[in-house]
Amino acid sequence: MPRAGLDAEAVVTAAAELADTESLEAVTLARLAHRLGVRSPSLYGHIAGLDDLRRRLGARGARELAGALTVAAAGRSRLAALRAVAETYREYARSHPGTYAAMQRAPDDDSGEAASAGRELVAVIVAVLDGYALRGDEAIHAVRVVRAALHGFTLLESEGGFRLPISLEDSYQRLIGVLDRGLADGVFAG
């Protein structure tokens with residue numbers, strides 16, 4: 001008999017808590033079952049295994065981040081919107097490191113929940129880039145560049161990759177400025 005109150009959402013929530021406090025690699029079905037007070041086989045009534053759990057966790061992260069970025073960018077355009085998105089992105093990665101890690105791999109199936117959540121996240125960034133008059137393929141190239149820059153910085157920061165005694169905040173703001181100038185200068189025009 002399934003434990004009362006245990007459903008797929010509760011399983012993903014517990015996985016997110018474990019991933020964010022320890023790491024994505026710490027999320028195993030055995031540890032998650034122990035945390036939820038059930039036996040590992042009981043989880044299969046709610047998820048289809050570890051890969052499914054990680055896809056669901058990634059989808060949750062993409063939706064959370066898309067919502068946070070939407071709020072951050074509201075009423076702003078160009079540099080102000082880009083700065084708000086970049087700062088919110090960095091804060092999400094810091095606050096939810098395991099969930100953030102789960103959302104980095106593109107899903108294999110374009111029709112699933114993770115793919116849908118990924119499209120929502122991309123749509124928010126495309127909307128922010130609309131202020132730079134980027135459309136179609138140009139906008140997708142720009143989304144990739146912005147994502148690579150923000151992800152690269154946050155990953156290096158989280159792994160202690162910046163050791164020089166110069167302000168990381170100043171460096172991050174300069175990165176945002178470089179992105180803004182590149183987006184504004186038509187670098188992405190085909």
Side-chain angles (χ1 to χ4, degrees), residues 1-73 84-127 140 143-144 146-163 168 172:
M1 174 172 216
R3 192 183 99 190
L6 188 62
D7 59 14
E9 184 60 28
V11 171
V12 174
T13 296
E17 291 167 359
L18 180 58
D20 291 341
T21 57
E22 294 187 34
S23 71
L24 181 58
E25 291 75 30
V27 178
T28 65
L29 295 182
R31 289 198 65 201
L32 192 56
H34 182 265
R35 180 173 259 220
L36 290 167
V38 299
R39 294 174 27 137
S40 295
S42 299
L43 296 176
Y44 286 95
H46 308 290
I47 58 167
L50 188 58
D51 287 341
D52 178 47
L53 177 62
R54 288 189 176 179
R55 273 190 299 278
R56 289 173 187 247
L57 184 56
R60 175 192 179 118
R63 286 205 166 93
E64 286 176 350
L65 183 55
L69 296 181
T70 298
V71 169
V85 161
E87 290 171 356
T88 301
Y89 184 99
R90 185 178 180 202
E91 182 53 37
Y92 187 87
R94 286 174 169 171
S95 299
H96 305 281
T99 302
Y100 175 79
M103 59 183 262
Q104 295 311 308
R105 183 179 170 111
D108 296 330
D109 177 9
D110 284 343
S111 64
E113 175 189 5
S116 174
R119 284 190 296 274
E120 288 176 29
L121 182 54
V122 169
V124 172
I125 306 296
V126 167
I140 298 305
V143 167
R144 288 175 176 169
V146 168
R147 177 184 180 204
L150 300 182
H151 175 70
F153 193 99
T154 57
L155 184 63
L156 285 166
E157 181 180 28
S158 72
E159 294 183 355
F162 297 123
R163 295 279 183 200
L168 284 177
Y172 197 66

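In what follows, residues are counted from 1 in the order of the sequence shown.
- Atom CD1 of residue I125 and atom CG of residue L65 lie 7.0 Å apart, to the nearest 0.5 angstrom.
- Heavy atoms only, all atoms of each residue included: A86 and L150 are closest at CB-CD2, 3.8 Å.
- Here the side chain of R54 pairs a donor or acceptor atom with the backbone of L24 at under 3.5 angstrom.
- Heavy atoms of other residues, nucleotides or ligands lying less than 6.0 angstrom from CZ of R119 number more than 12.
- Taken to the nearest 0.5 Å, the OG1 atom of T99 stands 10.0 Å off from the CG atom of L18.
- The two atoms that bring R35 and T21 nearest to each other are NH2-OG1, 4.4 Å, heavy atoms only.
- Rounding to the nearest 0.5 Å gives a distance of 11.5 Å between OG1 of T154 and CD of E91.
- Considering CG of L168 and CZ of F153, their distance stands at 5.0 Å, rounded to 0.5 Å.
- Aromatic ring orientation, Y89 versus Y100: perpendicular (interplanar angle above 60°, classes split at 30° and 60°).
- For the residue pair V85 and L69, the shortest heavy atom distance occurs at O-CD2, 3.4 Å.
- Between R55 and D51 there is no salt bridge, since none of the side-chain N atoms of the basic residue sits less than 4.0 Å from a carboxylate O of the acidic one.
- Side-chain N or O atoms of D20 include none that pairs as donor or acceptor with a backbone N or O of S95 at under 3.5 Å.
- At a threshold of 4.5 Å between non-hydrogen side-chain atoms, the residues Q104 and L155 do not count as touching.
- Atom CZ of R94 sits in a crowded spot, with more than 12 heavy atoms from other residues, nucleotides or ligands closer than 6.0 Å.
- Here the straight-line distance linking atom NE2 of H34 with atom CG of L29 works out to 14.5 Å at 0.5 Å rounding.
- The CG atom of L121 sits 8.5 Å away from atom OG1 of T70, with the distance rounded to the nearest 0.5 Å.
- Closest non-hydrogen pair, H46 versus V11, comes out as CB-CG2, 4.1 Å.
- Nearest heavy atoms, G61 versus M103: C-SD, 3.5 Å.
- Minimum heavy-atom separation, V27 to L50: O-CD1, 3.5 Å.
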